[in-house]
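Here is the structure we will look at.
Please read these numbers as outputs of a predicted model, since none were measured by experiment. Naming: A, B, ... by sequence-line order, numbering from 1 per chain.
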Number of protein chains: 2
Amino acid sequence: MGVKERKERDRQEMRDTILQSAHQLFVDKGFDDVSIRNIAEAIEYSPATIYLYFKDKNEIFYALHMEAFKIFNEYMFTLAEIQDPFMRLMKMGERYMEFTFKFPKYYDIMFIMQAPMNCDINSEEWKMGEAAHCQLENLVKECQDTGHFTGKDYKTLSFLIWSTMHGMCSLALRDRMKIYVEEERSKMLEKSFTMFKQILETI
Amino acid sequence: MGVKERKERDRQEMRDTILQSAHQLFVDKGFDDVSIRNIAEAIEYSPATIYLYFKDKNEIFYALHMEAFKIFNEYMFTLAEIQDPFMRLMKMGERYMEFTFKFPKYYDIMFIMQAPMNCDINSEEWKMGEAAHCQLENLVKECQDTGHFTGKDYKTLSFLIWSTMHGMCSLALRDRMKIYVEEERSKMLEKSFTMFKQILETI
DNA sequence: CAAAAATAATAAACAGTGTTTATTTTACTA
DNA sequence: TAGTAAAATAAACACTGTTTATTATTTTTG
C-alpha cells in the first residue's frame, strides 16, 4: 500500500526536475529572463504542468533563493580552521566577494532583486538568511574578545560591514563602476576592499 | 517660415509631455510596473505614438535616469555654505540617505536597477553620474588638505565611502533588513551611519 | 477483469507586455 | 483646391504569467 508514498516521491522528483531546469536556465540568464514556458520546454512538459507543482513563479523564486543561501552559507562558513576571529572575518569578506562574482545570479536574488519578500519569519529560506547574518554578528563579537572594535556595538558594526561589502559587490554587479575604465574596475574593487580591511584593523 | 522651428518645438513639447506622465507613473509604481500603454493612456494617445518620440522603453529609462541625476546632484551639491570639507562630506552622506528614501524609485534606476547601460561615455546622463562621483572625489581630497584620511588614496576611499552608503541604502530599499524587526530598521540605519561617520573621523 | 473515480497533463484561452507595420487622419505646400 | 508630407493610430506579432475546461492516465472499487 505504498502508493501514496510513491506518489509523494514522484511529486518531489518532479519538483526537483523543475527546479534543476529552472536553476540552470536561471544561472545562465537570470530570473527575469527565464519564463515558465522556458522551463516547461526544458523539461518537456506543458507550461500548465509547472503550476501543479508550484503555486506561481515566485514559489520557484523562493526555492532558488533557498538553494542560493545553502551554497552561500557553505561557501562562507567553512572557515573553522582559521583560529583568529579577525583573520576569519577578513577571510569571510574575501569569500563573500568570491561568491558574488562566481554566482552573480544567485547574489542577485539573495540581496538585490526586488522580490515579493512576503516570506514570513518562519520560512526556511528566511532562517538561512538569518543564520548567515547571525554568524557574522557572532564573529564580530568574537573579534571584540580579541581586542578589536572596542567600544563598538557589534550588531551595528556587523550591519555596517555587511553594507560595505554589499555596496561594493552590488555596484560592480549592476554595472555602476563605469566611472572607471574597464581595466581599472576589478583593481578598484580590490583596492577598496583592502582599504576596508585596513580600516577595520585600526578601529 | 518658422514652421520647421515650431514643428521642432512641438516635438520637444510632446517628448516632455510623455516624460512628465512617465515620471509621475514611474515615481508611483516603479519603472517595471509602468507600461508603454499606461503612459499612452495617461497622455491620451495611442501606444504607437510613444514610439514616434522615443526609440523604445529604454530611451524613456535613460531620460528619467538623467532627470533623476539632475535632482540628485541638486540635492547633494548645494552645500557650499558649509566651509569645513569634512563637515560637508558628512552632510553629503546625510543628504544621500535623505534622497534615497525621498525618491526611492529614482534611487532605484540610478544605482540598483539592471538596465541596458550601453550608455556610451559621452551621453549626458552619463556625464551627470560622473560629475557626481567627481564631486565626491574632490571633496575627499579636500578633506585630506584639512588633515583627514592621511595616507589614503582618495579615489579608493571615495569608492569605499560610496559603497558603504549605497550598501546601507540599497539593503534597506530592497527589503533586506528583515533580520531586524520593523521598528528597529530605521534605527539600525541611523546607528550604522553614525558609526560610519565616527570611523571616518578617526582614520 | 471492467467500470468508476481520482489524478495528472495539457490545449486553449485571458489579460497583459514591448514593439512593428500597414492604414488612416491631419497638416502643409505648391 | 489638389497633392504631398507628416502625425497618429488600429491591428497585429511574439512574447509574458496564469487559469480553465478538456483529455489522458492511473488507481480504486464492484
Side-chain angles (χ1 to χ4, degrees), chain A residues 1-19 21-23 25-26 28-65 109 113-118, chain B residues 1-23 25-26 28-65 105 109 113-118:
Chain A
M1 207 35 126
V3 178
K4 228 174 191 168
E5 284 79 0
R6 199 213 58 210
K7 278 275 168 79
E8 181 53 33
R9 243 184 309 126
D10 285 358
R11 208 187 140 70
Q12 271 306 329
E13 240 169 69
M14 186 59 156
R15 268 184 75 101
D16 283 356
T17 307
I18 293 169
L19 280 181
S21 276
H23 163 93
L25 285 166
F26 177 70
D28 290 347
K29 313 203 288 171
F31 190 76
D32 282 337
D33 292 329
V34 176
S35 71
I36 298 289
R37 283 172 180 81
N38 293 156
I39 301 169
E41 203 175 355
I43 60 171
E44 294 177 296
Y45 276 79
S46 84
T49 304
I50 308 282
Y51 288 89
L52 299 175
Y53 297 89
F54 293 91
K55 192 178 137 283
D56 52 29
K57 206 186 171 187
N58 284 326
E59 206 169 289
I60 298 176
F61 174 93
Y62 291 140
L64 290 173
H65 193 260
I109 32 165
M113 269 185 64
Q114 192 72 276
M117 299 243 104
N118 40 353
Chain B
M1 205 37 123
V3 178
K4 228 172 190 171
E5 285 77 1
R6 199 214 57 210
K7 278 275 168 79
E8 181 52 34
R9 245 186 305 126
D10 284 358
R11 207 188 140 70
Q12 271 305 329
E13 239 169 69
M14 186 59 155
R15 267 184 77 100
D16 283 355
T17 307
I18 293 169
L19 280 180
Q20 266 173 44
S21 275
H23 163 94
L25 286 165
F26 177 70
D28 291 347
K29 314 203 288 173
F31 190 76
D32 282 337
D33 292 330
V34 176
S35 70
I36 298 289
R37 282 171 181 82
N38 293 156
I39 301 169
E41 203 174 358
I43 60 170
E44 294 177 296
Y45 276 79
S46 84
T49 304
I50 310 280
Y51 288 89
L52 300 176
Y53 298 89
F54 293 91
K55 194 179 135 284
D56 52 29
K57 207 187 171 186
N58 284 327
E59 206 169 290
I60 299 177
F61 175 92
Y62 291 140
L64 291 173
H65 193 260
K105 309 293 180 183
I109 31 167
M113 270 186 63
Q114 192 72 276
M117 299 244 106
N118 39 352

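Here the P atom of nucleotide D:dT18 and the CZ atom of A:Phe61 are 13 Å apart, to the nearest Å. Atoms CD (B:Glu41) and C1' (C:dT17) sit 14 Å apart, rounded to a whole Å. Taking atom CD1 on B:Ile36 and atom P on D:dT9, their separation rounds to 15 Å, with Å as the unit. The nearest whole Å value for the distance from the CG atom in A:Asp32 to the P atom in D:dC15 is 18 Å. Atom CD in B:Glu59 sits roughly 15 Å away from atom C1' in C:dG18 (whole-Å rounding). Straight-line distance from the NZ atom of A:Lys55 to the P atom of D:dT19: 8 Å, rounded to whole Å. The CD1-P distance, from B:Ile60 to C:dT17, rounds to 14 Å in whole Å. Atoms CG (A:Asp10) and P (D:dT26) sit 11 Å apart, rounded to a whole Å.
Within the model, atoms CD of B:Gln20 and CG of B:Leu25 stand 12.0 Å from one another, a figure rounded to the nearest 0.5 Å. In this structure, CG in B:Asp32 is found 8.5 Å from CZ in B:Phe26, a value given to the nearest 0.5 Å. A:His23 contributes atom NE2, which lies 8.5 Å from atom CG of A:Asp28 (distance to the nearest 0.5 angstrom). How far OG1 of A:Thr17 is from OH of A:Tyr53: 9.0 Å, rounded to the nearest 0.5 Å.
Overall bending of the helix from C:dC1-D:dG30 to C:dA30-D:dT1, expressed as the angle between end axes built from five pairs apiece, is 30° (10° steps).
A salt bridge (Lys or Arg N to Asp or Glu O under 4.0 Å) check over residues 50-59 of chain B, counting only residues at least two apart or in different chains, returns the pairs B:Arg15-B:Glu59.
Of the candidate nucleotides C:dT19, D:dT18, C:dT17, C:dT17 has the atom nearest to the side chain of B:Asn38.
Checked against ring pair (Phe, Tyr, Trp, His ring centres under 6.0 Å), B:Tyr51 has no partners two or more places apart in sequence or in another chain. B:Asp10 is linked by a salt bridge (charged side-chain N to carboxylate O under 4.0 Å, His left out) to B:Arg6, counting only residues two or more places apart in sequence or in another chain.
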Please output the side-chain donor-acceptor pairs of residues 34-48 of chain B that fall under 3.5 Å, not counting sequence neighbours, one pair per line with the distance.
from: B:Ser35; atom 1: OG; to: B:Arg37; atom 2: N; distance (Å): 3.4
from: B:Ser35; atom 1: OG; to: B:Asn38; atom 2: N; distance (Å): 3.0
from: B:Ser35; atom 1: OG; to: B:Asn38; atom 2: OD1; distance (Å): 3.1
from: B:Ser35; atom 1: OG; to: B:Asn38; atom 2: ND2; distance (Å): 3.3
from: B:Asn38; atom 1: OD1; to: B:Ser35; atom 2: N; distance (Å): 2.9
from: B:Ser46; atom 1: OG; to: B:Thr49; atom 2: OG1; distance (Å): 3.2

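When each of A:Arg11 and B:Tyr51 is assigned the nucleotide of DNA chain C with its nearest heavy atom, A:Arg11 is the one assigned upstream, toward the 5' end.
What you find for A:Phe61 and A:Phe31 is that their closest heavy atoms are CB-CZ, 3.3 Å.
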Counting primed atoms, P, OP1 and OP2 as sugar-phosphate and everything else as base, the B/S/- map of nucleotides 9-15 of chain C against protein heavy atoms under 4.0 Å is BBB-B--

